[in-house]
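Just so you know, residue 1 is the first one in the sequence shown, and it goes up from there. Basis for what follows: all heavy atoms, side chains included, without hydrogens, waters or symmetry-related copies. Owing to the predicted nature of the structure, the values given are computational and were not obtained by experimental measurement.
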Amino acid sequence: MIRCPNCGSSVQVRMTLIKYDREEYKCGCGCHFCRKAFSDKLTKIFVENQKKS
């Protein structure tokens, strides 16, 4: 289960796009982020738009 890097919620996170090795997500708190797979075991999360609490 993926969690929001801003608020830590796993319930509010919704996947918005799947494209090759990139998955984009949006959280209910307003944070937009993506997860990119570089190999079978390595993935990174990039925050595109993080709302401040």
Side-chain angles (χ1 to χ4, degrees):
M1 182 65 53
I2 192 160
R3 291 186 176 272
C4 175
N6 184 40
C7 68
S9 175
S10 62
V11 177
Q12 299 182 51
V13 176
R14 300 287 180 246
M15 184 180 295
T16 58
L17 178 73
I18 300 174
K19 194 172 195 180
Y20 303 109
D21 60 347
R22 179 182 169 106
E23 299 172 350
E24 293 185 10
Y25 297 91
K26 181 178 180 183
C27 182
C29 73
C31 183
H32 296 262
F33 59 99
C34 67
R35 181 170 68 174
K36 184 168 177 148
F38 292 99
S39 67
D40 291 340
K41 296 181 181 178
L42 178 65
T43 61
K44 283 191 173 185
I45 293 178
F46 299 96
V47 178
E48 297 172 352
N49 180 18
Q50 186 172 2
K51 297 252 180 173
K52 293 185 179 180
S53 300

So [Y] and [X], do their side chains get closer than 4.5 Å, heavy atoms only?
| X | Y | value |
| --- | --- | --- |
| Cys31 | Cys7 | no |
| Phe33 | Val13 | yes |
| Ser9 | Cys29 | no |

How long is the gap from [atom1] on [X] to [atom2] on [Y], to the nearest 0.5 Å?
| X | Y | atom1 | atom2 | value |
| --- | --- | --- | --- | --- |
| Cys34 | Glu24 | SG | CD | 6.0 Å |
| Asn6 | Gln12 | CG | CD | 10.0 Å |
| Cys4 | Lys26 | SG | NZ | 12.0 Å |

Can you name the salt bridge (Lys or Arg N to Asp or Glu O under 4.0 Å) partners of Arg35, sequence neighbours left out?
-> Glu23

Is there a path from Ile2 to Val11 through hydrophobic residues (I, L, V, M, F, W, Y) whose side chains come within less than 4.5 Å of each other?
-> no

Is it true that a side-chain atom of Arg22 and a backbone atom of Lys36 form a donor plus acceptor pair closer than 3.5 Å?
-> no

